[in-house]
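As structure tokens, the structure follows; a few thoughts come after it.
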Amino acid sequence: MSSLQPNVAVIGAGCAGLAAAARLAEYGVPVTLFEASPHLGGRARGVSWKTLSLDNGQHILLGAYSETLRLLELVGSKPEDVFLRMPLQLHMHRELKLNTCPILPAPLHILAGLLLAQGLSIGERFAAIRFMAWMKLKGFRLEEDETLDALLQRKQQAARLTRLLWEPLCLAALNTPVAQASAQVFLNVLRDSFAGKRADSDMLLPRCDLSSLLADPVATYIERQGGRVLRSAPVATLNKPDNFLVETEDGARESFTHVVLATSPFRLQPLLQHFPSMVEYVRTVSQFEYQPIYTVYLQYPQSFRLGGPMMGLASVEGQDDLHSQWVFDRGWLCNQPGLLAVVISAEGHHQKLTQQALAESVASEISGAFPHLPQPLWHKVIAEKRATFACKPGMARPSQITSVPGLFLAGDYSTDGLTANLYPATIEGAVRSGVQCAEYILRDIGRKQE
Ligand SMILES: Cc1cc2nc3c(=O)[nH]c(=O)nc-3n(C[C@H](O)[C@H](O)[C@H](O)COP(=O)(O)OP(=O)(O)OC[C@H]3O[C@@H](n4cnc5c(N)ncnc54)[C@H](O)[C@@H]3O)c2cc1C
């Protein structure tokens, strides 16, 4: 521990950095949050378009996102105001209707949902229930990680069941195709969502843009607690001659006792070049692969409403695969009548299309599903090409504690070293990592007991 008064730099104001800075500010630790962009929130941020507040991508949260919900409550947001909370349901247009049963305790609410699901054969329902029972029996732990595809085949989940149930869940949770996805991380998500309290499996759909939901209120809280939030302040170099020296691109320098590096993994390397002992960490993240998420916004006449706030579209066997996976009605959610957000997770043929061609193709898929729809009035495609790391079996992920005392890595990719805690790239994974880094610092400076 340094002899100086503690003074922490958090570099990067995505969910991880915001969560780390808020936890430190909560305990009265002087903290400065550096963000390269003029906007906070990183990969979960609002985007202004025409007169509307869109998002860089439509996000879904889960009732199991305990640290995210705690953070929102800390900064004075009421989850019941900012989210539409719905019991888990999977509506794949014309193919599958699965509603969990809100009055039964977990996991019976899921089993009842599977038993009563419309669109699955009896054999498919029982295969899914057998698989859920097996996961529970095993404590959601695999002896060795493998791809989800391999596990589903081993557990005799038929191709149609995978296409309608497991694949959409895997893409939504891991943003990685089943043929590449880590079965263990998928099981971790199912455990947290299905094996705890019933409300853990609820879906939380934001009622406002993501900046208004998270980044802005958290930043306001940090400042109210005496912390500093610096926008358009990209950190150019990080060094440790004695204390940590943080230099921003405009040449301003400041010294800190601790640093939380909360950039996305692909921005780590230049900031770690003065730390020879961090070479292994840099090598580990350089091996990451990334998966895209595209969101296609389509504006229809304001009178149009989907049958619910969200719906899945499944490809029909034997026909060309649809690009569109999930459709969200921003009229239901954010009071933006007639605006649909169509989400396409993970890699696919859509990446080869121009944005214009993709928007037209998605609009034609939507009018195939809802035949009376007119042409959209306008469209806007937001392509996040490195939306998340590809969550693959057994991938090495760097730990939050590093080889440099006082330097911590926060981000949806970093871990506390426990397999059971491995999460995919999500808001909750990012928030948990940020909170964990702040906890290490609080213990280091004696504000909390070991
Ligand atoms: C389109 C899309 C849809 C998604 N959907 C979901 C979903 O439905 N549910 C869910 O839970 N998750 C979803 N995710 C994932 C989730 O958004 C991310 O996992 C999470 O936001 C990552 O947060 P982070 O803090 O780890 O990283 P980031 O958000 O990448 O934050 C890093 C920050 O560091 C800043 N930075 C970089 N370099 C510097 C520097 N040198 N100096 C200062 N600042 C710097 C960046 O500008 C950025 O703001 C989605 C992601 C995308 C892109």
Side-chain angles (χ1 to χ4, degrees), residues 9-21 32-45 47 54-62 64-65 67-68 171-176 189 192-193 203-206 210-211 213-215 218-219 229-238 246-250 259-272 285 290-297 310 325-326 328 341-346 381-389 391 400 409-414 423-435 437:
V10 178
I11 303 176
C15 297
L18 286 159
T32 304
L33 181 55
F34 293 88
E35 170 53 50
S37 149
H39 307 288
L40 308 175
R43 280 172 280 153
R45 66 181 188 286
V47 171
L54 306 179
D55 291 309
N56 68 313
Q58 180 69 46
H59 280 55
I60 309 185
L61 293 83
L62 292 173
Y65 280 17
E67 280 299 340
T68 309
L171 285 177
L174 273 64
N175 191 35
T176 307
V189 176
D192 283 5
S193 318
M203 297 188 298
L204 308 180
L205 304 182
L210 291 165
S211 296
L213 177 82
L214 201 135
V218 175
V229 178
L230 308 181
R231 295 164 176 83
S232 305
V235 172
T237 52
L238 180 63
V246 172
E247 183 170 347
T248 44
E249 272 180 14
D250 61 6
V259 170
V260 178
L261 253 183
T263 69
S264 34
F266 47 85
R267 300 258 179 255
L268 272 184
Q269 191 277 332
L271 295 174
L272 289 175
V285 293
Y290 295 90
Q291 287 284 340
I293 300 181
Y294 285 54
T295 305
V296 180
Y297 290 96
M310 80 179 263
Q325 294 162 355
W326 298 99
F328 294 82
V342 184
V343 174
I344 308 170
S345 293
V381 178
I382 300 186
E384 287 275 14
K385 297 204 170 128
R386 287 192 282 192
T388 67
F389 61 82
C391 191
Q400 289 138 7
L409 297 183
D412 56 6
Y413 68 93
S414 66
Y423 238 57
T426 52
I427 289 184
E428 177 69 5
V431 169
R432 283 187 192 182
S433 77
V435 168
C437 290

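Since this is a predicted model, take the numbers as computed values, not measurements. Note that ligands are numbered from 1 as they come in the structure, with each ligand's atoms numbered from 1 the same way.
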Next item on the list: Measure the shortest side-chain to side-chain distance between Met310 and Gln58 over non-hydrogen atoms and say whether it is less than 4.5 angstrom.
Entry: no
Notebook entry, point to check: Would you say the side chain of Pro265 lies within less than 4.5 Å of the side chain of Tyr290, judging by non-hydrogen atoms?
Noted result: yes
Next item on the list: Please examine the side chains of Ser211 and His39, heavy atoms only from C-beta on, and report whether any two atoms are closer than 4.5 Å.
Entry: no
Check: With side chains defined as the heavy atoms from C-beta onward, is the minimum distance between Thr295 and Asp55 less than 4.5 Å?
Finding: no
Note to self: Does ligand 1 come near enough to Ala16 that some N or O of the ligand is less than 3.5 Å from an N or O of the residue?
What the structure shows: yes
Notebook entry, point to check: So is there a nitrogen or oxygen of Thr263 less than 3.5 Å from a nitrogen or oxygen in ligand 1?
Noted result: no
Check: To the nearest 0.1 Å, how far is atom 42 (N) of ligand 1 from its closest protein heavy atom, and which atom is that?
Finding: Val235 N, 2.9 Å
Note to self: So Leu171 and Trp326, do their side chains get closer than 4.5 Å, heavy atoms only?
What the structure shows: no
Note to self: I'd like to know whether ligand 1 has Ile60 as a neighbour, heavy-atom separation below 4.0 Å.
What the structure shows: yes
Checklist line | Under 4.0 Å to a heavy atom of Gly57 - the qualifying atoms of ligand 1, by number | finding: 1 (C)
Check: Is Ala262 touching ligand 1 with its side chain, its backbone, both, or neither, if touching means heavy atoms under 4.0 Å apart?
Finding: backbone
Notebook entry, point to check: Does any N or O atom in Ile11 lie less than 3.5 angstrom from one in ligand 1, N or O only?
Noted result: no
Margin query: What protein heavy atom lies closest to atom 19 (O) of ligand 1? Include the residue and the distance to one decimal.
Written below: Asp412 OD2, 2.7 Å
Check: Should Tyr65 be counted as touching ligand 1, given the test is an N or O pair under 3.5 Å?
Finding: yes
Notebook entry, point to check: Starting from atom 15 (C) of ligand 1, which protein heavy atom do you reach first, and at what distance in Å?
Noted result: Ala425 O, 3.6 Å
Checklist line | Shortest protein heavy-atom distance from atom 49 (O) of ligand 1, along with the residue and atom involved | finding: Glu35 OE1, 2.7 Å
Next item on the list: Kindly indicate, with the supporting measurements, whether the criterion side-chain contact (heavy atoms from CB on, under 4.5 Å) is fulfilled by Arg45 and Leu210.
Entry: CA-CA 5 Å; Arg45 66 181 188 286; Leu210 291 165; 5.5 Å; no
Next item on the list: Show which atoms of ligand 1 fall inside a sub-4.0 Å distance from at least one heavy-atom site of Gly14.
Entry: 25 (O), 29 (O), 31 (O), 33 (C), 49 (O)
Next item on the list: Look at atom 50 (C) of ligand 1 and find which of Arg386, His59, Arg43, Gln291 reaches it with the closest heavy atom.
Entry: His59
Check: Considering residues at least two apart in sequence or located in another chain, which fulfil the salt bridge (Lys or Arg N to Asp or Glu O under 4.0 Å) criterion with Glu428?
Finding: Arg432
Notebook entry, point to check: Quick one: are Asp412 and Thr426 in side-chain contact, heavy atoms under 4.5 Å?
Noted result: no
